[in-house]
S.K.: 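Structure below; questions to follow.
The structure displayed is predicted, hence computed values, not measured ones.
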Amino acid sequence: MTGWTCIAIGAVQFLGGVRGEPGMEGEATVDSHVRFMGPVFAGYGLGWLDAAEASEPDLSRMRLLAGLMAFGGVGRLVTRATRGRPHRFHDVLLTLELAAPMIVEIAGRSDRRR
């Protein structure tokens with residue numbers, strides 16, 4: 001599910017630019033950055049799909065991908081500390097980003113017990 005969600009978000013970013021995300025505004029530079037990052041985020045989603053595709057999901061790669069997501073959440077915390085609170089939609093994203101490693105670890109451990 002994470003992979004497909006990331007692909008969808010990447011498509012919205014590419015197609016919508018700054019209009020594709022609640023609370024986002026900006027001139028051409030910001031729009032260009034958002035549209036550039038859309039395909040990158042979609043590629044990140046492909047990484048999730050590939051790691052989960054096998055009959056035995058690659059938990060090491062999934063941990064790495066979840067760690068990268070959490071690192072992105074840390075970037076959001078830096079923004080809060082240096083520029084203030086963004087749109088509240090980002091609170092939801094921050095929660096998911098920081099929870100991702102725990103979710104992957106819990107799922108991996110429960111899968112190993114079976």
Side-chain angles (χ1 to χ4, degrees):
M1 188 165 127
T2 302
W4 288 113
T5 301
C6 292
I7 291 168
I9 291 169
V12 168
Q13 289 174 328
F14 178 75
L15 296 171
V18 294
R19 295 179 320 239
E21 191 171 314
M24 186 174 281
E25 298 175 4
E27 80 285 47
T29 301
V30 176
D31 190 76
S32 173
H33 180 73
V34 171
R35 289 178 194 270
F36 171 81
M37 293 307 295
V40 172
F41 201 63
Y44 173 72
L46 291 173
W48 273 101
L49 291 179
D50 187 57
E53 180 180 36
S55 60
E56 185 68 31
D58 188 341
L59 189 57
S60 294
R61 278 194 11 210
M62 293 175 88
R63 284 180 177 136
L64 173 66
L65 292 165
L68 289 170
M69 186 175 285
F71 196 48
V74 170
R76 290 189 196 276
L77 291 174
V78 170
T79 296
R80 283 176 180 255
T82 60
R83 309 240 353 178
R85 183 179 181 209
H87 188 276
R88 62 186 163 275
F89 176 67
H90 290 252
D91 294 340
V92 174
L93 297 175
L94 175 63
T95 301
L96 294 172
E97 291 157 355
L98 296 179
M102 290 180 280
I103 293 167
V104 168
E105 192 61 32
I106 290 167
R109 288 180 186 214
S110 69
D111 192 49
R112 276 186 270 166
R113 286 187 200 131
R114 289 183 205 149

S.K.: To the nearest 0.5 Å, what is the distance between CG (Leu96) and CD1 (Ile103)?
M.R.: 7.0 Å

S.K.: Roughly how far, to the nearest 0.5 Å, is CE of Met62 from CG of Asp58?
M.R.: 8.5 Å

S.K.: Run the numbers on Met24 and His87 for side chain to side chain contact (heavy atoms under 4.5 Å, CB included), then give the verdict.
M.R.: CA-CA 8 Å; Met24 186 174 281; His87 188 276; over 6 Å; no

S.K.: Are Ile9 and Met37 linked, directly or through intermediate hydrophobic residues, by side-chain heavy-atom contacts shorter than 4.5 Å (ILVMFWY only)?
M.R.: no

S.K.: Please find the pair of heavy atoms, one from Ala66 and one from Val104, that lie closest to each other, and give the distance.
M.R.: CB-CG2, 3.8 Å

S.K.: So, taking the atom named OG1 in Thr79 and the one named CZ in Arg85, what distance separates them when rounded to the nearest 0.5 Å?
M.R.: 13.5 Å

S.K.: Mind checking the CG-OG1 spacing from Leu65 to Thr2? Nearest 0.5 Å is all I need.
M.R.: 9.5 Å

S.K.: Please answer: with hydrophobic residues joined when any side-chain heavy atoms are less than 4.5 Å apart, are Phe41 and Leu94 in the same cluster?
M.R.: no

S.K.: Testing the basics here: between Pro101 and Ala70, what is the closest heavy-atom pair and its distance to 0.1 Å?
M.R.: CG-CB, 3.6 Å

S.K.: When hydrophobic residues are tied together by side-chain contacts of less than 4.5 Å, even through go-betweens, does Leu68 share a cluster with Val74?
M.R.: no

S.K.: Does atom CD (Glu27) have a neighbourhood of more than 12 heavy atoms from anything else shown, all under 6.0 Å?
M.R.: yes

S.K.: Mark yes or no for whether Ser32, through its side chain, and Ala28, through its backbone, hold a donor-acceptor pair below 3.5 Å.
M.R.: no

S.K.: Testing the basics here: between Cys6 and Gly45, what is the closest heavy-atom pair and its distance to 0.1 Å?
M.R.: CB-CA, 3.5 Å

S.K.: Rounded to the nearest 0.5 Å, how far does CH2 of Trp48 lie from CZ of Arg61?
M.R.: 10.5 Å

S.K.: Would a 4.5 Å heavy-atom cut-off, applied to side chains only, mark Glu21 and Gln13 as touching?
M.R.: yes

S.K.: List the atom of Asp31, the atom of Val18, and the distance in Å for their closest heavy-atom pair.
M.R.: OD1-N, 2.9 Å

S.K.: Minimum heavy-atom separation for Arg35 to Leu15, with atom names?
M.R.: NH1-O, 3.0 Å

S.K.: State, yes or no, whether a side-chain contact exists between Tyr44 and Met69 at a heavy-atom distance under 4.5 Å.
M.R.: yes

S.K.: I need the Leu64 CG to Leu59 CG distance, nearest 0.5 Å.
M.R.: 11.5 Å

S.K.: Can you list the residues that meet the side-chain contact (heavy atoms from CB on, under 4.5 Å) rule with Pro86, with sequence neighbours excluded?
M.R.: Arg80, His90

